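Just so you know, these numbers come straight off a predicted model, no measurement behind them. All chains are named by letter (A, B, ...) in the order of the sequence lines, taking the proteins before the strands, and each is independently numbered beginning at 1.
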Protein chains: 2
Amino acid sequence: MGSTRKAGRPKVPAAGRILRAASEMFYREGIRAVGVDAIAAKANVTKKSLYDNFGSKDALIAAYLRARDERWRAWLVDEVDRRGGTAKERLLSTFDALEGWIEKGNFRGCGFVNAATELPHDGHPARAVVMDQKSWLRGYLEDLAAEGGAENPESLAEQLMILHEGANVASSLNISTNSAQRAREIASLLVADLG
Amino acid sequence: MGSTRKAGRPKVPAAGRILRAASEMFYREGIRAVGVDAIAAKANVTKKSLYDNFGSKDALIAAYLRARDERWRAWLVDEVDRRGGTAKERLLSTFDALEGWIEKGNFRGCGFVNAATELPHDGHPARAVVMDQKSWLRGYLEDLAAEGGAENPESLAEQLMILHEGANVASSLNISTNSAQRAREIASLLVADLG
DNA sequence: GAGTAATTATACATACCGGTATAGTTACTT
DNA sequence: AAGTAACTATACCGGTATGTATAATTACTC
């Protein structure tokens, strides 16, 4: 008793706390390494609430990735818009944004790539969310490339995707110092002839 | 009875069969997804033999990665040597080699990066093997870069590492078609002023 | 004030996890 | 012929996995 909650409608709904706890633990420890009991415990929630809200661990994983995708897209667009400039400069800004994201701390690679690694089966609902995230970024880059007058926007977008993914991996394994900026330098060669 | 083995010294020793089974299953399904029972069953070996030979699952994981690293290094060096050419051409050949490795089938990304993703704790013996593999490749590229008269071989090697890692991820997620060749095209810009 | 949705608390079911123990069997070595 | 290394067979241990069942409690709505 005292100040500990008992039941009823909480100020911060259980679903939100569960998703927050799952997001942190899934990303930091790995999806398969984290059990639903541990998530429920960290969220101060019973397992029943977790299953009432999400249905299954697999669905919770997909929800985690969807929420992460939403946060990440908003953040990237905001960072790029904030810096402004031409389409060419905005393409390069995506690498500055990546650098900022990495330096927020506890970076452990791209959460979507990590999820795809841990859940290799095609039917898993998480994989669709991963593909969505990759498709969206590719489209975003392609649109900027077209706006900048690229000869082949699709091709340029795919090249920049390789640089983004490479910078993510290189950064998580400390293969090079400041991988995002190094990727940006390479990217600047690719966009050199853009307006 | 019949032709099924019973005991004694087998033609193909148990350790080899275990490592072979573990390698396939760890890479394809993921390390945490595969249990020791399943490995022993696929290798036609009892769990006791597995533990007599490797001591623990963690040690088996490290052995899997070491064997994979050995195979991969030999294969890469051989592919690059076979193609011959100047240092500049050999740097680009590493991407041709990567393409060949990817197209051997059942490609599911870099096994070492995947292992690091699944085993994030620093103390795990597998992580040292992963870092070894990355350090070796970086050194190999750096040596070729120096041989080619690069202004800053270290920096060039790190850039090429980003391209290699990016091509691996892009290929495993089908982000672009022929990611290795696309990475090679980018690399050719980076080595343009080499001898 | 009655009803309902959201939640807690607790216990359980079934399966698999990594790892160990004990005993028996075969093949090669000397 | 004896000894030993490499294995098989089988059973077991405690822990943890996802998921379910049942009942009590609280807060909000009408």
- If two hydrophobic side chains count as joined below 4.5 Å and joins carry through other members, does A:Met131 share a cluster with A:Val129? no

- Residues two or more places apart in sequence or in another chain: which of them pass salt bridge (charged side-chain N to carboxylate O under 4.0 Å, His left out) with B:Glu79? B:Arg82, B:Arg83

- In terms of ring plane angle, is the pair B:Trp136 and B:Trp72 parallel, tilted or perpendicular, where the classes change at 30° and 60°? perpendicular

- Check: A:Gly123 main-chain N/O paired with A:His121 side-chain donor or acceptor under 3.5 Å: no

- Message: Expected output is a numbered-order residue list: members of residues 52-66 of chain A with a heavy atom under 4.0 Å from any atom of DNA chain D. What is it?
- Response: A:Ser56, A:Lys57

- Message: Heavy atoms within less than 4.0 Å of DNA chain D: which residues of residues 37-49 of chain A have one? Give them sorted by number.
- Response: A:Asp37, A:Lys47, A:Lys48

- Message: List the residues meeting salt bridge (charged side-chain N to carboxylate O under 4.0 Å, His left out) with A:Asp52, not counting sequence neighbours, and say none if there are none.
- Response: A:Lys48

- Message: Donor-acceptor pair, distance only, cut-off 3.5 Å: does the side chain of B:Arg108 make one with the backbone of B:Tyr27?
- Response: yes

- Strand-adjacent residues in residues 23-33 of chain A, judged by heavy atoms under 4.0 Å from DNA chain D: none

- Any idea which heavy atoms bring B:Gly148 and B:Leu194 closest together, and the distance? O-CG, 3.6 Å

- Query: Quick one: which of C:dG19, C:dT7, D:dT20 gets closest to the side chain of B:Tyr51?
  - Reply: C:dG19

For residues 62-69 of chain B, please give each side-chain donor-acceptor pair under 3.5 Å, one per line with the distance, not counting sequence neighbours.
unit_1  : atom_1 : unit_2  : atom_2 : d
B:Asp69 : OD1    : B:Arg73 : NE     : 3.1
B:Asp69 : OD2    : B:Arg73 : NE     : 3.3
B:Asp69 : OD2    : B:Arg73 : NH2    : 2.8

- Query: How long is the line joining CG of A:Leu119 and P of D:dT18, in whole Å?
  - Reply: 12 Å

- Message: Please check this pair: side chain of A:Arg28 against backbone of A:Asn106, looking for a donor-acceptor N/O pair closer than 3.5 Å.
- Response: no

- Task: Return yes if some donor-acceptor pair links the side-chain N/O of B:Arg127 with the main-chain N/O of B:Leu119 below 3.5 Å, else return no.
- Result: yes

